[in-house]
Amino acid sequence: MGVTKEQVQASLTSKLNPVHLEVIDTSGGCGASFVVEIVSEQFEGKRLLERHRIVNAALEEEMKEIHALSITKAQTPQQWKPISQDSATTPTTEA
């Protein structure tokens, strides 16, 4: 069996201490493909490519078995808050 969603979450949580983390197994359960959204203070002052490298380094052991890793968001808490606050304060209209 490949890597589990829980293994990816545990590694990222212990190494990057994220304030937000979402891991989705897109491989149908075989553990070969994941989508990650992560918000961590460790990304402060880093460019996007550096942030992706940090995530890949945190998953060094898991990457030996993962075929595809899509990092959809790698943000600082300051970058993430405005987006989450905007969605919380945006009024919804009902038809």
Side-chain angles (χ1 to χ4, degrees):
M1 169 126 183
V3 177
T4 66
K5 172 183 169 179
E6 291 76 20
Q7 285 174 298
V8 173
Q9 288 173 327
S11 287
L12 291 175
T13 299
S14 68
K15 295 172 183 163
L16 300 180
N17 193 28
V19 296
H20 169 76
L21 176 63
E22 184 175 349
V23 178
I24 300 169
D25 183 345
T26 56
S27 66
C30 73
S33 179
F34 293 91
V35 173
V36 173
E37 182 176 292
I38 184 167
V39 179
S40 174
E41 290 181 4
Q42 291 192 32
F43 298 146
E44 204 63 57
K46 305 283 194 280
R47 293 177 184 224
L48 184 60
L49 181 58
E50 292 173 289
R51 295 174 186 192
H52 283 227
R53 287 179 176 155
I54 290 168
V55 172
N56 279 301
L59 295 173
E60 183 178 5
E61 286 302 310
E62 292 82 359
M63 290 302 291
K64 293 175 183 176
E65 296 182 51
I66 294 175
H67 174 71
L69 178 67
S70 175
I71 304 168
T72 57
K73 285 186 185 166
Q75 298 178 322
T76 65
Q78 291 74 25
Q79 291 171 321
W80 183 64
K81 282 181 182 177
I83 295 169
S84 61
Q85 287 173 353
D86 287 347
S87 63
T89 59
T90 303
T92 57
T93 56
E94 294 181 18

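As the structure is a computational prediction, the values presented were derived from the model and not from experiment.
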Main-chain N/O of A58 paired with K15 side-chain donor or acceptor, under 3.5 Å: yes
Side-chain heavy-atom pair L21, T13 within 4.5 angstrom cut-off: yes
Short side-chain to backbone donor-acceptor contact, S11 and V8, under 3.5 Å: no
Flag side-chain contact, heavy atom, 4.5 Å: S40 against L16: yes
Flag, side chain of T26 to backbone of S33, donor-acceptor distance under 3.5 Å: yes
Smallest separation among heavy atoms of E22 and I24, with atom names: OE2-CD1, 3.5 Å
Min side-chain heavy-atom separation L49-R53 under 4.5 Å: yes
Any side-chain heavy-atom pair of T76 and R51 under 4.5 Å: yes
Hydrophobic cluster membership, V23 vs I71, 4.5 Å side-chain cutoff: yes
Shortest non-hydrogen separation from P18 to I38 and the atoms involved: CB-CG1, 3.8 Å
Between NE2 on residue H20 and CH2 on residue W80, distance to nearest 0.5 Å: 5.5 Å
Heavy-atom side-chain contact between V39 and K73 under 4.5 Å: no
Beyond-backbone contact of E44 with Q78, side-chain heavy atoms, under 4.5 angstrom: yes
Distance in Å, E6 CD paired with D25 CG, rounded so as to fall on 0.5 Å steps: 9.0 Å
Between CD1 on residue I66 and CG on residue L59, distance to nearest 0.5 Å: 5.5 Å
Test side-chain contact (heavy atoms from CB on, under 4.5 Å) applied to F34 and V3, step by step: CA-CA 10 Å; F34 293 91; V3 177; 4.3 Å; yes
CG on L48 to CD on Q75, rounded to 0.5 Å: 9.5 Å
Neighbour count above 12 (heavy atom, 6.0 Å) for E41 CD: no
Nearest non-hydrogen partners of F43 and V55, listed with the distance: CZ-CG2, 3.8 Å
Whether S27 side chain and G31 backbone form a donor-acceptor pair below 3.5 Å: yes
Nearest atoms (heavy-atom pairs only) where E65 meets G2: OE1-CA, 3.5 Å
Residues, nucleotides or ligands: over 12 heavy atoms within 6.0 Å of H67 NE2: no
